[in-house]
Amino acid sequence: MSNTQVMPANQRFTAMVGDKEFVLETGKLAEQAGGAVTVRLGDTVVFATATMSATPREGIDFFPLSVDYEEKLYAAGRIPGSFMRREGRPSEASILIARVTDRPLRPLFPKDLRNEVQVIVTPLSHDQENHADILSIIAASAALHISDVPWGGPIGAVRVGLIDGEFVLNPTIPEMENSLLDLRIAGTSEAIIMVEAGANEVDEETMIRALGFGHEAMQGLIAAQNQMREQVGKPKRAYTPAVVDETLAAEVEGKIAADIARILAGTTERPERDAAIDELRERLLAEYEAIGPASDEEPIPVKGVSEALDATLKKEVRRRILEDGVRPDGRDYTTIRPLAAEVDLIPRVHGSGLFKRGQTQVLSICTLGTPRDSQPLDGLYPEDTKRYMHHYNFPPYSTGETWFLRGPKRREIGHGALAETALRAMIPPEDQFPYTIRVVSEVMSSNGSTSMASVCGSTLALMAAGVPLIRPVAGIAMGLIKEGERHAVLTDIQGMEDHLGDMDFKVAGTERGITALQMDIKIAGISEAILRQALAQAREARMHILGVMLDVIPAPRTELSPYAPRILTIKVNVEKIGMIIGPGGKTVRAIQEK
């Protein structure tokens, strides 16, 4: 008797986005995962699973979501170049794809969910034509949507290019070489919830139109996922919600609301405000510990009292911004904190720049190298080297804290890549400036948008090093407080406003247009009117910051540092090339050795 099994059949769903067909399949792979989906575009295939733990994780006050993108070089028919000949730590590209997948998924989970949810995305095939990052977002969304995991999706995602003055949906990797825009956008059927873009000085109106174009185009992908859910979706699993003691929260708010209002009204400086809040917290906790429980009651949890204080603080900060028009440090909606810039702080390095905005301070250092210093890339994409690199470091002292140094985290990789994107289009081409360029941004102090400060610091360092930037670049972070129909768009958000607000919207660019854009929101979506207002305020702020920077160094230096390498380019008559090579390459080898 045979015990041969027949593989289960895939169930297939399709969506047309422009003139390209996306194929979503489920049913054959990973039957024990909560949800498992493959998404195919051309011959690029991405596989995603979504699984939730059976019970909540005890003792935490956050939602434990992990999203991993497992890059496998077999997808492009390659063997890893490492000594072990297997994939090691995630590449920068895979970390960035994991982040861009995580960001639109996270806001749509229930706020009171404490079960661990793990999304794992694996590219199975890469055709070197179609990007895998957009497919990663779609596959993760579809896997969650058909799974038993509670989630408020689905979401769609597209890439928008700008080629010969026309928007192009999901341009191929070769097509992107001629595009002025690389816009990745994700959202629900109602609104945009994530944006990641690099651009070559695209104006604000064009960016708004591109966002609308992309959001409309993704609707077919959302419809396909809803069809999947109807036909093959699992019932959503019940979970034990994190309980908020509403009685205790109301009691604590009644006790401290006046004190919170007094502290916020009386202190605009962060250290004094934090100290006053900490003192209030200690006094409140001591009061509840002194009361103790009645003989037949459970003790009042310290964590619940502290969370009630934080909720009261958040409520009052947001109320003051919306109703009184006053931010925690006393600014109005559009005022930028005090700015300062400086170059040439560090001897021997090839270029250095220090940028300060309020309590945020970043030191950027530029190093120039020869073409052989370019970074080799061992990933799925066709590019094999990179000549311009930006690295961002966020040490614990920048926030007055302590923790183990264990190399750059995902956040640092992402912030470094954003600043790199902001300046990439302004780096001169290799035939005009044949150097490898590395900029390292060291965060010295942090209170709001160090990534945009590193854009400014990098511009200063590059100009001081004599890199002939096409135009200088500056960046600013915008925020949002929204309650019902009321909203306030905030220029230059600080840490508290980022933590307690509804949007983190970072815009970098030159005087002519946008070079990088990143948006994450914590609410269901924002309108086009709010996007327009945020971009308009960001442009005004960018012009002001550029003015401060150009007062310090109005143009790139015409001479390189004496410590930088010198590269001389010699043009040789084609008839003389054979003489340089010599018999069997003997002459050119001798030149290289000397």
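As a basis for the values below, the full set of heavy atoms in this structure was taken, side chains included, without hydrogen atoms, waters or symmetry mates.
Partners of V349 under the side-chain contact (heavy atoms from CB on, under 4.5 Å) rule, at least two apart in sequence or in another chain, are I346, S352, I365. With sequence neighbours excluded, the residues that form a side-chain hydrogen bond (donor to acceptor under 3.5 Å, both in side chains) with D68 are R410. When the ring-ring contact (aromatic ring centres under 6.0 Å, His included) test is applied to F433, the partners found at least two apart in sequence or on another chain are Y435. Qualifying side-chain contact (heavy atoms from CB on, under 4.5 Å) partners for K482, counting only residues two or more places apart in sequence or in other chains: L480, H487, D502, I523, I530. Partners of R106 under the side-chain contact (heavy atoms from CB on, under 4.5 Å) rule, at least two apart in sequence or in another chain, are L65, D102. Applying the side-chain hydrogen bond (donor to acceptor under 3.5 Å, both in side chains) criterion to E196, with sequence neighbours excluded, gives R103, Q518. Under the rule for a side-chain contact (heavy atoms from CB on, under 4.5 Å), the partners of N573 that lie at least two apart in sequence or sit in another chain are E575, K576.
Inspection of the S136 and T101 side chains reveals an N or O donor paired with an N or O acceptor under 3.5 Å. Using modelled atom types, one finds a donor on one side chain and an acceptor on the other under 3.5 Å when comparing S458 with H390. A donor atom on one side chain and an acceptor atom on the other are not found under 3.5 Å apart for T436 and S374. Side-chain contact check for Q537 and T491: at least one donor-acceptor pair (N or O, by modelled atom type) lies under 3.5 Å. For the 3.5 Å distance criterion, the side chains of D127 and T44 qualify, holding a donor opposite an acceptor. Using modelled atom types and a 3.5 Å distance limit, the side chains of Q225 and S141 yield a donor-acceptor pair.
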Sequence neighbours excluded and cut-off under 3.5 Å, please list the side-chain donor-acceptor pairs for residues 206-214, or say none.
unit_1, atom_1, unit_2, atom_2, d
T206, OG1, D203, OD1, 3.2
T206, OG1, D203, OD2, 2.8

Contacts under 3.5 angstrom, residues 74-81 side chains, donor-acceptor by atom type, not counting sequence neighbours:
unit_1, atom_1, unit_2, atom_2, d
R78, NH1, G379, O, 2.2
R78, NH2, Q128, OE1, 2.8

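Among pairs with a residue in residues 416-440, those fulfilling salt bridge (charged side-chain N to carboxylate O under 4.0 Å, His left out) read K386-E420, E420-R424, at least two apart in sequence or across chains. Residue pairs that meet the side-chain hydrogen bond (donor to acceptor under 3.5 Å, both in side chains) test with at least one member in residues 162-172, sequence neighbours left out, are T172-E175. The salt bridge (charged side-chain N to carboxylate O under 4.0 Å, His left out) analysis of residues 363-373, with sequence neighbours excluded, yields no pairs.
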Verify side chain to side chain donor-acceptor pair (under 3.5 Å) between N226 and H145, making sure each step is shown before the conclusion. CA-CA 8 Å; N226 282 328; H145 197 43; 3.0 Å; yes

Could you give me the CA-CA distance, side-chain angles and deciding distance for E71 and S91, then say whether side chain to side chain donor-acceptor pair (under 3.5 Å) is met? CA-CA 8 Å; E71 191 174 63; S91 67; 2.9 Å; yes

Using side chain to side chain donor-acceptor pair (under 3.5 Å), reason through S446 and T360 one step at a time and then give a plain yes or no. CA-CA 4 Å; S446 172; T360 291; 5.1 Å; no

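Around atom CD of E216, no more than 12 heavy atoms belonging to other residues, nucleotides or ligands sit under 6.0 Å away.
Listed for the R357 side chain is no donor-acceptor partner under 3.5 Å among the backbone atoms of L339. Checked by atom type and distance alone, the side chain of R532 never pairs as donor or acceptor with a backbone atom of A534 at under 3.5 Å. Looking at R542, its side chain does come within 3.5 Å of a backbone N or O of T510 through a donor-acceptor pair.
From S451, atom OG reaches atom OH of Y392 across 6.5 Å, with rounding to the nearest 0.5 Å.
In this pair, W151 and F109 present their aromatic rings tilted. The plane angle is within the 30 to 60° band.
Between R471 and E201, at least one side-chain N (NZ, or NE/NH1/NH2) sits under 4.0 Å from a carboxylate O, which counts as a salt bridge.
Taking all atoms of both residues into account, the shortest heavy-atom contact from L469 to M463 is CD1-CG, 3.9 Å.
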